[in-house]
There are 2 protein chains.
Amino acid sequence: MESLETLLSVLRQNHLKITPQRRLILEILVDDASHPTVDQVYQQVITVMPNVSRTTVYNTLHELVALGVLIEVQDMGAGGGRYDTNASQHHHLLCTHCHTLLDIERDFPELELTPVEACGYRIARHQVTFYGVCPCCQQALASQEESI
Amino acid sequence: MESLETLLSVLRQNHLKITPQRRLILEILVDDASHPTVDQVYQQVITVMPNVSRTTVYNTLHELVALGVLIEVQDMGAGGGRYDTNASQHHHLLCTHCHTLLDIERDFPELELTPVEACGYRIARHQVTFYGVCPCCQQALASQEESI
DNA sequence: GTTTATGCAAATCATTTGCATACGT
DNA sequence: ACGTATGCAAATGATTTGCATAAAC
């Protein structure tokens with residue numbers, strides 16, 4: 001996880017202005033490891049600065065993705081993309097029912113494509129997503145079946 | 001890849017009616033391994049049956065996903081989900097610039113989470129996505145830098 | 001002082017919903 | 001005949017865009 005100072009210095013290096021809104025959004029992202037959606041970030045933002053617009057949240061998140069310090073995570077089934085400040089190589093475990101997303105901090109260095117498989121692509125990284133049902137939803141599904 | 005007959009029999013087994021629209025959508029999916037978007041399927045559909053509505057395409061794709069014969073594929077950056085008839089275990093190689101998506105037919109059976117890592121999740125499958133830049137976009141990016 | 005960011009409102013794009021009609025079984 | 005699927009139009013929801021004002025450098 002990046003520190004707030006690291007993120008701020010990335011902004012400075014790229015000649016982006018450090019506004020109170022951006023600083024707040026960065027603080028939220030650093031503190032929130034739960035892969036928040038744009039709206040979840042926005043809701044946290046307006047509890048502190050009620051006048052910040054969604055546009056600013058979108059702008060800032062897009063800039064951070066372009067700078068490579070934020071990663072966009074896909075969550076099919078739940079509307080809207082999610083964001084992850086953890087730019088280090090890590091992987092995901094997704095509950096296909098409630099869409100809870102856990103980080104898997106282990107690396108899988110053995111995952112390499114052969115040159116033939118890579119088809120000339122210059123490969124930058126890889127991401128593993130495990131799909132399953134979390135303990136909560138296992139219970140919910142079990143009791144659902146009982147009631148049939 | 002499933003054959004058209006296999007898909008039709010899945011529909012029959014689930015008491016879904018075989019309408020001309022559904023049959024056409026299935027034919028298109030079987031023939032198109034390029035992970036089409038909903039809209040790309042729709043565009044192909046209306047070249048043959050111009051009156052088919054987007055609603056019907058959405059309905060059919062959702063039903064096929066529910067039946068497990070279609071898989072929804074993530075593609076961040078390009079608007080709209082994409083669909084993959086190849087229900088077998090396989091992985092993806094995505095160009096982060098043009099969003100071309102290739103199938104990697106190799107399996108990675110060594111990818112297993114320890115019980116501790118799985119946190120009680122009942123894991124059903126895993127999916128590896130390699131991110132990189134395709135040969136086309138490598139050229140485009142290189143000539144872009146020259147012109148600076 | 002210059003450049004960039006913000007916030008608003010309107011526009012856009014993908015997807016969903018409600019419902020009357022048409023069709024497959 | 002029955003029940004489901006279709007197609008339309010309208011609703012929704014997320015994201016993007018244009019632009020005048022405000023703020024950071």
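Because the structure is predicted, anything quoted here is derived from the model rather than measured. Proteins get letters first, then strands, A, B, ... in listed order; numbering begins at 1 in each.
- Here A/Val128 is tied into one hydrophobic group with A/Leu93, A/Leu102, A/Ile104, A/Phe108, A/Leu111, A/Leu113, A/Tyr121, A/Ile123, A/Phe130, B/Leu93, B/Leu102, B/Ile104, B/Phe108, B/Leu111, B/Leu113, B/Tyr121, B/Ile123, B/Val128, B/Phe130, each link being a pair of ILVMFWY side chains closer than 4.5 Å.
- Within residues 50-63 of chain B, the residues approaching DNA chain C are B/Thr55, B/Tyr58, B/His62, by heavy-atom distance under 4.0 Å.
- Checked by atom type and distance alone, the side chain of A/Arg122 never pairs as donor or acceptor with a backbone atom of B/Gln138 at under 3.5 Å.
- Within the 3.5 Å criterion, the main-chain N or O of B/Gln40 finds no donor-acceptor partner in the side chain of B/Gln43.
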Query raised in the report: Taking protein heavy atoms under 4.0 Å as touching, what does nucleotides 20-25 of chain C look like 5' to 3' if B marks base contact, S marks sugar-phosphate-only contact and - marks none?
Result: ----BS
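- Here the P atom of nucleotide C/dA5 and the CZ atom of A/Arg23 are 16 Å apart, to the nearest Å.
- Taking A/His92 as the reference, A/His35, A/His90 meet the ring-ring contact (aromatic ring centres under 6.0 Å, His included) condition, with sequence neighbours excluded.
- For the pair A/Leu11 CG and D/dA24 P, the computed distance is 14 Å after rounding to whole Å.
- Between the axis at the start and the axis at the end of the helix from C/dG1-D/dC25 to C/dT25-D/dA1 there is an angle of 40°, using five pairs per end and rounding to 10 degrees.
- Of the residues in residues 39-47 of chain B, not one places a heavy atom less than 4.0 Å from an atom of DNA chain C.
- Between the B/Arg23 side chain and the B/Ile18 main chain, no donor and acceptor come within less than 3.5 Å of each other.
- Between B/Arg82 and B/Glu72 there is no salt bridge, since none of the side-chain N atoms of the basic residue sits less than 4.0 Å from a carboxylate O of the acidic one.
- At whole-Å resolution of the value, CG in B/Asn14 and C1' in D/dA5 are 16 Å apart.
- Each of A/Thr37, A/Asp31, A/Asp32 was checked for a side chain to side chain donor-acceptor pair (under 3.5 Å) with A/Ser34, and the lone residue meeting it is A/Asp32.
- In summary, of the residues considered (A/Thr60, A/Thr56, A/Leu24), a side chain to side chain contact (heavy atoms under 4.5 Å, CB included) with A/Val45 occurs for A/Leu24 alone.
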